[in-house]
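What follows is a set of notes on a single structure, which appears directly below.
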Amino acid sequence: MQIDLKQPILDKNDALAAELRKRFDENRVYVLNLLASPGSGKTSTILATIDALRDEFNIAVIEGDIASSVDAEKIKNQGIPAVQINTGGACHLESAMLKRAIDVLDLSRLDLIIIENVGNLVCPTDFYLGENSKVMILSVPEGHDKPLKYPGVFQASDAVILNKVDTLSVFDFDREAFEASVRELNPAAPIFPIAATKGDGVEAWAQYLAEKICSV
């Protein structure tokens, strides 16, 4: 006899995520779930996105980490509401964790919530959080072969950000091979090359996101 322990957990998660989705829809809030490895530049990408969109939209950030509140403090220092979730070892956020963070935010005053999920290319893809979209961030130093090694996260993403493109000349990164792999896995996902800390390419990414927010 085989007992499936994963499915009941996912079913419970998805039921609560559906309730969150209803709250987001009622308040016309767009929710972005960012997935990436540690060190890919999730927080710097969020900061660059905030800088590009803060004059047009009201934004809040939910930071998911195993421990610490370093990233949330960086966001708060920019005058943006940020809620820290420490998972205590779990490699992903779940809808029950997210609900506690959402409960302290005033959704009626927000247009966009950015969720920085725990740095992991596997577990977060299985857990729906009621978000409008998942976006994957890969940085150049991680290597162009990541779509081949972790196809699930690329298939689950609505868009892909290639960060730290200003380092292409330093690393052995085959951009053409990377883009071909992504398009084979997910032909519909646009790819946005950026250098978050310098602002390069952020305008195109921000415009894409702004259009999504306005469509809610």
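Just so it is clear, the structure is predicted and the values come from calculations on it, not from any experiment. The basis for the numbers below is simple: all heavy atoms, side chains too, and nothing from hydrogens, waters or symmetry mates.
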Is there a side-chain contact (heavy atoms from CB on, under 4.5 Å) between L32 and N132 once you walk through the steps? CA-CA 6 Å; L32 172 65; N132 293 82; over 6 Å; no

Salt bridge D158-K134, side-chain N to carboxylate O under 4.0 Å: no

Closest non-hydrogen atom pair, Q78 against R54: O-NH2, 2.7 Å

Rounded at 0.5 Å granularity, tell me how far CD1 in I50 sits from CD1 in I59. 5.5 Å

Would you say S95 and N13 are linked by a side-chain donor-acceptor pair, where the criterion is simply a distance under 3.5 Å? yes

Heavy atoms of other groups near Q155 CD, more than 12 under 6.0 Å: yes

Could you tell me how the ring of F178 sits relative to the ring of F173: parallel (under 30°), tilted (30 to 60°) or perpendicular (over 60°)? tilted

Minimum side-chain heavy-atom gap P81-D106 below 4.5 Å: no

Does NZ belonging to K76 count more than 12 external heavy atoms closer than 6.0 Å? yes

Got a salt bridge between E179 and R175, using NZ or NE/NH1/NH2 to carboxylate O under 4.0 Å? yes

Students often mix this up, so state it plainly: with edges at 30° and 60°, are the rings of F192 and W205 parallel, tilted or perpendicular? perpendicular

Check the hydrophobic clustering (I, L, V, M, F, W, Y; side-chain heavy atoms under 4.5 Å; chains of links allowed) and say if L162 and V160 are grouped together. yes

